[in-house]
Amino acid sequence: MAEVVTTLNIGPLELGRAGIKSDTLSGEVAVVTGGASNIGLGYARSIAAAGGNVVIADLNDVAGIEVQRVINEENGRDCALFVKTDITEEADVKNLAKEAFAKFGKVDILINNAMNMRLNGTILEAPIGDLDRSYAISGRGVALAIKAFVPAMIERKHGTVTYSSTQFHYMPPMIGRGVYCAGKAAATSVTMSVANEVAGTGVNVFCLCPAGVMRFDPSKMPPPAPGKEGDPPPPDISEMAAMFTTPEQNGAAMIYCLERAEKLHGSGVLHIDVFTAMGNPFAPPRPEGAPPEPVGETPRRLTDQELTMVFCYMGAGFAD
Ligand SMILES: NC(=O)c1ccc[n+]([C@@H]2O[C@H](COP(=O)([O-])OP(=O)(O)OC[C@H]3O[C@@H](n4cnc5c(N)ncnc54)[C@H](O)[C@@H]3O)[C@@H](O)[C@H]2O)c1
């Protein structure tokens with residue numbers, strides 16, 4: 001692969017470490033919404049490195065154009081197309097489909113991933129417009145993209161749709177306050193409803209829940225604020241960095257799931273179960289004498305009950 005000079009915040013791809021071959025998605029065409037940064041960028045680069053073609057749909061045209069250039073250069077072929085798209089606008093999504101079909105002739109994979117992570121206030125305090133926008137990107141945007149690409153997949157009896165879901169419950173102080181969670185819940189509901197609607201057509205639909213994905217550079221973190229006497233020591237930034245997974249690792253996990261889409265149809269999987277199924281290729285070396293990591297063949301499908309608990313958790317007050 002060519003050395004690529006880029007202003008994007010990217011790291012080396014991880015398909016090789018995960019045992020994924022460079023022709024796994026050969027001939028397949030994928031659309032990745034929100035593909036100009038972080039997780040979506042990891043998905044888009046991994047799809048191309050696995051032999052596929054990729055259409056990046058994102059609001060951010062500065063990053064999007066650079067993503068197209070980098071992916072084409074990394075792979076030494078004309079395999080990436082950026083289309084500036086606001087996924088909430090029907091005309092934009094129609095244009096996205098037009099451009100994707102004009103360039104590649106078909107779309108086999110739709111990865112709904114776009115979200116504005118700043119729409120993250122509490123229901124009580126955030127302006128109602130934030131909730132409208134959260135629903136627009138998540139619920140409406142996901143439905144518009146499905147309407148634009150799935151009918152042709154059904155006709156060809158071949159296709160995969162997936163969604164970057166998340167846990168729905170409010171988890172202070174992490175991401176995931178009410179406005180964000182409500183939007184994610186809407187999109188997951190749209191996705192799982194479509195899974196039922198297309199059952200038996202040759203189109204497979206599943207949700208993949210990533211977590212803690214970002215490029216974490218300890219050297220760029222501000223120094224911890226000085227504590228008072230008796231305070232516990234500040235967390236070790238490098239240790240915190242180890243808790244995060246990278247967009248490239250999640251890209252490898254996505255390819256692994258796409259290969260197994262038929263088995264995952266109608267369900268949700270957690271990134272941690274995907275890594276386990278892959279044989280934990282990104283885990284730090286095990287200490288001597290420690291039992292081996294558990295390994296599976298297919299990422300564990302969440303049961304309906306777990307899906308409800310993970311994604312529609314009602315909070316401790318409803319536990320009994
Ligand atoms: N980062 C995590 O740890 C994590 C965990 C669970 C789920 N997720 C989900 O994964 C997805 C990606 O997360 P991320 O951390 O990479 O987010 P990010 O903010 O880095 O990237 C989101 C991308 O979506 C684009 N976007 C926003 N609004 C858009 C619109 N209307 N139309 C088209 N593009 C639009 C942005 O420009 C950006 O490039 C999100 O759906 C998020 O909810 C992330």
Side-chain angles (χ1 to χ4, degrees), residues 8-11 31-46 55-68 82-97 99 110-120 129-130 132-145 148 162-171 174-188 190-191 207-216 240-241 243-251 253-254 257 268-275 310-311:
L8 295 174
N9 191 8
I10 57 175
V31 169
V32 182
T33 75
S37 79
N38 204 26
I39 298 180
L41 176 52
Y43 290 161
R45 289 177 66 222
S46 302
V55 182
I56 300 110
D58 204 294
L59 268 179
N60 183 341
D61 52 353
V62 175
I65 289 164
E66 179 66 352
V67 168
Q68 174 182 303
F82 170 69
V83 182
K84 184 173 183 179
T85 311
D86 181 342
I87 203 71
T88 69
E89 293 290 338
E90 190 170 10
D92 277 23
V93 179
K94 284 194 168 148
N95 178 59
L96 168 67
E99 298 277 332
L110 169 62
I111 301 181
N112 282 311
N113 166 79
M115 185 55 177
N116 180 342
M117 309 290 274
R118 288 190 299 277
L119 298 169
N120 191 25
D130 281 11
D132 291 342
R133 188 69 184 158
S134 180
Y135 280 135
I137 300 172
S138 275
R140 180 182 163 86
V142 167
L144 283 174
T162 182
Y163 178 57
S164 278
S165 54
T166 199
Q167 302 196 19
F168 293 169
H169 56 282
Y170 169 44
M171 296 189 295
M174 301 169 72
I175 59 164
R177 297 196 183 91
V179 169
Y180 173 80
C181 295
K184 301 301 288 182
T188 304
V190 168
T191 307
C207 288
L208 170 58
C209 177
V213 189
M214 66 166 89
R215 184 154 317 289
F216 192 101
M240 277 172 69
M243 285 165 48
F244 287 88
T245 62
T246 68
E248 292 79 15
Q249 291 168 356
N250 282 266
M254 175 56 84
C257 288
V269 286
L270 301 174
H271 80 292
I272 198 75
D273 286 334
V274 181
F275 288 151
V310 171
F311 294 128

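In listed order, ligands and their atoms are each counted from 1.
Leu144 is linked by a side-chain contact (heavy atoms from CB on, under 4.5 Å) to Glu90, Val93, Arg140, counting only residues two or more places apart in sequence or in another chain.
Within the structure, ligand 1 has Ser165 among the residues with a heavy atom less than 4.0 angstrom away. Heavy atoms of Tyr180 come nearer than 4.0 angstrom to ligand 1 in at least one pair. Within the structure, the closest approach of Asp58 to ligand 1 falls below 4.0 Å when heavy atoms are considered. Residue contacts with ligand 1: Gly141 is excluded, as none of its non-hydrogen atoms falls under 4.0 Å.
Nearest heavy-atom pair, Cys257 versus Val269, reported as atom, atom and distance to 0.1 Å: SG-CG2, 4.2 Å. Taking all atoms of both residues into account, the shortest heavy-atom contact from Asp58 to Ser37 is OD2-N, 4.5 Å. What you find for Asn250 and Tyr43 is that their closest heavy atoms are O-CE2, 3.5 Å. Looking at every heavy atom in both residues, Met115 comes nearest to Ser138 through SD-OG, 3.4 Å.
Those atoms of ligand 1 with a heavy atom of Ile87 less than 4.0 angstrom away are 30 (C), 31 (N), 32 (N), 33 (C). Distances below 4.0 Å separate heavy atoms of Gly34 from the following atoms of ligand 1: 23 (C), 24 (O), 25 (C). Listed by atom number, the atoms of ligand 1 under 4.0 Å from Thr85 heavy atoms are 32 (N), 33 (C). Which parts of ligand 1 touch Arg133 is read off a 4.0 Å heavy-atom cut-off, strictly below it: atoms 31 (N). Within ligand 1, counting atoms from 1 as listed, the ones closer than 4.0 Å to a heavy atom of Asn113 are 10 (O), 11 (C), 12 (C), 40 (C), 41 (O). Per-residue contacts place Lys184 under 4.0 angstrom from the following atoms of ligand 1 (heavy atoms of the residue considered): 9 (C), 40 (C), 41 (O), 42 (C), 43 (O).
The N/O atoms of Ser37, backbone and side chain alike, include one that comes under 3.5 Å of an N/O atom in ligand 1. At least one N/O-N/O distance between Gly212 and ligand 1 falls below 3.5 Å. At a 3.5 angstrom cut-off on N or O pairs, Ile39 counts as close to ligand 1.
One option in Asn112, Val32, Asp86 has a heavy atom closer to atom 31 (N) of ligand 1 than any other, and that option is Asp86. The nearest non-hydrogen atom to atom 28 (N) of ligand 1, considering only Ile111, Leu59, Leu119, comes from Leu59. Nearest to atom 5 (C) of ligand 1 by heavy-atom distance, out of Ala57, Gly64, Gly35, Pro210, is Pro210.
Using a 4.0 Å cut-off between heavy atoms, Ala114 contacts ligand 1 through both its backbone and its side chain.
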